[in-house]
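These notes are about the structure you will find just below.
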Amino acid sequence: MNGAVSTEFWKDKRVFLTGHTGFKGSWLSLWLASMGARVRGYALAPDVPSLSALLDIGRDIDAIHADVRDADALGRAMRGFRPDIVLHLAAQSLVRASYADPIGTYSTNVMGTANLLEAVRACDSVRAVVVVTSDKCYENREWLWGYREDEPMGGYDPYSSSKGCAELLVSSWRRSYFAAPGRPGGACRLASARAGNVIGGGDWSRDRLVPDILKAFEDHRPVRIRFPNAIRPWQHVLEPLRGYLLLAERLFTHGSAFAEGWNFGPDADCERTVSDIADRLCRLWGEGAAWEMDEGSQPHEARLLKLDSAKARARLEWLPWWTIDDTLAAIASWHRAYLDGCSVRDVTLAQIAGYQPKPQPERRETLLVHA
């Protein structure tokens, strides 16, 4: 199946995954383990509540709780495991948190990435590395077309800027070390992946729209919305994760031809205002679900941001499989099952297994062309 992850490829692959206790990392850990990959996770201990704890992910992977800013611990963990592939998801991932702790944000997102790449250079087993950054790495001019991979890096807030810095760092390490035969790391191939506004079951992050909405529904109160007219490229967590896995496969099997930056963004169908997402979730949830405008003073957040994923579609055969209705229905179903006391592990595995493309004729796309 075009654009599908190869279970055969991942079986018995040794994968070093940073950020395995986070929202995306938890889904990815379970997906890799379900394909038979041998995973070592490296991340901070999870918050409470935590998807990784509810999944009991320690039964599937070798999990280490440590900080990517600790270069010695990170290097020992990688050398002791001797992975084939490294997937770097560990990050301080929240815009509003970056305003409160800019130094911690930069030290995690920039120096943590540098520590990771230096650990890779000292571990000659690694063949492929995917560093996950964010769609917010681009210098956002809030124009109507999607950003392409060769657009300038930037960022208004500390989080976005730190991700732009991480991309520049990856580019430098790639040219200086990972494409240099005879140097440590020269046999390894390095790529970066950019996606944003990833949503799905099991996300309890603070100051994120969907977790805030679901928590308000639980508490039987209206959710307060900061920027109802802001447009975001919403996508289910499984969409970009599939992109990361496909990219890692190609790096491993085809080498330097795929050692670049890559966008994994949704169709135009999933580029929706904040208020539209809130309205749709209210309808899915039913009686008592509502939202209201938050009139308080708010720090700056981008109002419009889109990605152009034409390169991933053409060269990786990756394209989104789920519509916005599919995505929101899966989230509401997951969260209701959680509240009803169902096995989160079983629900999550079922959604991974049920993640399939729709017949191509049903898809609709709007392509925006650069002026």
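Source: prediction; values computed, not measured.
For an aromatic pair to be called close, the ring centres must be under 6.0 Å apart, and Y99 with Y159 fails this. Aromatic ring centroids of Y355 and W322 lie under 6.0 Å apart.
By the 6.0 Å and 45° rule, K311 stacks over the aromatic ring of W262. Geometrically, R224 does not engage W291 in a cation-pi contact defined by less than 6.0 Å to the ring centre and at most 45° from the axis.
Residue F217 is grouped with residue L284 when hydrophobic side chains (ILVMFWY) are merged at heavy-atom distances under 4.5 angstrom, including chains of intermediate members. Cluster membership for V120 and M111, using ILVMFWY side-chain heavy atoms within less than 4.5 angstrom, is not shared. Hydrophobic clustering, with ILVMFWY side chains joined whenever heavy atoms are under 4.5 angstrom apart, groups V126 together with I64. Hydrophobic cluster membership is shared by L54 and V210, with clusters built from Ile, Leu, Val, Met, Phe, Trp and Tyr side chains linked at under 4.5 angstrom. A continuous path of Ile, Leu, Val, Met, Phe, Trp and Tyr side chains, each step under 4.5 Å between heavy atoms, connects L316 with F252, placing both in one hydrophobic cluster.
Of the possible donor and acceptor atoms, none in the side chain of S134 sits under 3.5 Å from a partner among the backbone N and O of C137. Of the possible donor and acceptor atoms, one in the side chain of R242 sits under 3.5 Å from a partner among the backbone N and O of G3. In this structure a side-chain-to-backbone donor-acceptor pair under 3.5 Å is missing from S192 to V132. R315 places a side-chain N or O within donor-acceptor distance of the main-chain N or O of A257, the cut-off being under 3.5 Å. In terms of modelled atom types and a separation under 3.5 Å, the side chain of T133 and the main chain of E167 share no donor-acceptor contact. A donor-acceptor pair is defined here as one N or O able to donate and one able to accept, closer than 3.5 Å; no such pair exists between the side chain of S161 and the backbone of G155. Remark: the backbone N or O of E249 is paired with a side-chain donor or acceptor of T253 at under 3.5 angstrom. For the pair S333 (side chain) and A329 (backbone), a donor-acceptor distance under 3.5 Å is absent. At least one donor-acceptor pair under 3.5 Å links the side chain of S26 to the backbone N or O of S52. For the pair Q235 (side chain) and F264 (backbone), a donor-acceptor distance under 3.5 Å is present.
In summary, R272 and D269 engage in a salt bridge, as defined by a charged side-chain N under 4.0 Å from a carboxylate O. Ion pairing of D219 with K215 is present here, as a side-chain N (NZ or NE/NH1/NH2) and a carboxylate O approach within less than 4.0 Å. For the pair K163 and D157, the salt-bridge criterion is not met [side-chain N within less than 4.0 Å of a carboxylate O]. In this structure, R69 pairs ionically with D67, as a charged nitrogen and a carboxylate oxygen lie closer than 4.0 Å. Using a 4.0 Å cut-off between charged side-chain N and carboxylate O, R208 and D203 make a salt bridge. Salt-bridge formation is not detected for the pair K13/D84: no Lys NZ or Arg NE/NH1/NH2 atom is positioned less than 4.0 Å from an Asp or Glu carboxylate oxygen. In summary, E8 and K11 do not engage in a salt bridge, as defined by a charged side-chain N under 4.0 Å from a carboxylate O. Ion pairing of R336 with D340 is absent here, as no side-chain N (NZ or NE/NH1/NH2) approaches a carboxylate O to less than 4.0 Å. Under 4.0 Å is where a charged nitrogen must lie from a carboxylate oxygen, and between R82 and D124 at least one such pair does. Contact check on R280 versus D325 returns a salt bridge, with a Lys/Arg side-chain nitrogen under 4.0 Å from an Asp/Glu carboxylate oxygen. Between R250 and E260 there is no salt bridge, since no side-chain N of the basic residue sits under 4.0 Å from a carboxylate O of the acidic one.
Between W204 and H335, the angle of the ring planes lies from 30° to 60°, which puts this pair in the tilted group. Between H254 and F258, the two ring planes are perpendicular [angle over 60°; tilted spans 30° to 60°].
Annotation: side chain of Y42 is in contact with side chain of V68 (closest heavy-atom distance under 4.5 Å). L339 is listed as a side-chain neighbour of E218, based on a closest heavy-atom distance under 4.5 Å. Here the side chains of R38 and V15 are not in contact, with every heavy-atom distance at 4.5 Å or above. Within the 4.5 Å cutoff, the side chain of H236 has no heavy atoms near those of the V198 side chain. Side-chain contact check for L51 versus V344: some heavy-atom pair is nearer than 4.5 Å. For the pair W318/S309, a side-chain contact is recorded, criterion being any heavy-atom separation below 4.5 Å from C-beta on. Between K306 and N263 the shortest side-chain heavy-atom distance does not fall below 4.5 Å. Between M78 and P83, some side-chain heavy-atom pair lies under the 4.5 Å cut-off.
Remark: R14 CZ to S125 OG distance equals 8.0 Å, nearest 0.5 Å. Note: S343 OG to L349 CG = 8.0 Å, rounded to the nearest 0.5 Å. Expressed to the nearest 0.5 Å, how far CZ of F81 lies from CG of L17 amounts to 10.0 Å. For the atom pair CG of L246 and CZ of F9, the computed distance is 10.5 Å after rounding to the nearest 0.5 Å. We find the CG-OG distance between L117 and S176 to be 11.0 Å, quoted to the nearest 0.5 Å.
Under the salt bridge (Lys or Arg N to Asp or Glu O under 4.0 Å) criterion, no residue pair touches residues 97-106, with sequence neighbours excluded.
Counting non-hydrogen atoms of neighbouring residues, nucleotides and ligands closer than 6.0 angstrom, the CZ atom of R221 exceeds 12 such neighbours.
The closest side-chain donor-acceptor pair between R194 and Y138 falls under 3.5 angstrom. Side chains of W27 and Q351: a donor-acceptor N/O pair is absent below 3.5 angstrom, by distance only. Inspection of the W334 and T348 side chains reveals an N or O donor paired with an N or O acceptor under 3.5 Å. In the model, Q92 has a side-chain atom that pairs as donor or acceptor with a side-chain atom of T105 under 3.5 Å. Looking only at atom types and distance, the side chain of T273 has no donor-acceptor partner in the side chain of D276 under 3.5 Å away. Y156 and K136 share no donor-acceptor pair across their side chains, judged by distance under 3.5 Å alone. A donor-acceptor pair shorter than 3.5 Å cannot be found between the side chains of H20 and S29.
Screening L28, D60, L32 for a side chain to side chain contact (heavy atoms under 4.5 Å, CB included) with V39, the sole residue that qualifies is L32.
Between L251 and R189, the shortest heavy-atom contact is CD2-CB, 3.8 Å. Nearest heavy atom pair, residue S205 against residue L94, reads CB-CD2, 4.1 Å. Considering every non-hydrogen atom in both A195 and P240, the closest pair reads CB-CB, 3.8 Å. Annotation for A259 and A191: closest pair CA-CB, 4.3 Å, computed over non-hydrogen atoms.
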- Test salt bridge (Lys or Arg N to Asp or Glu O under 4.0 Å) applied to R121 and E118, step by step: CA-CA 5 Å; R121 289 213 301 138; E118 285 297 278; 2.9 Å; yes
- Check the pair D267 / L319 against side chain to side chain contact (heavy atoms under 4.5 Å, CB included), numbers first and verdict last. CA-CA 8 Å; D267 287 340; L319 74 167; 5.6 Å; no
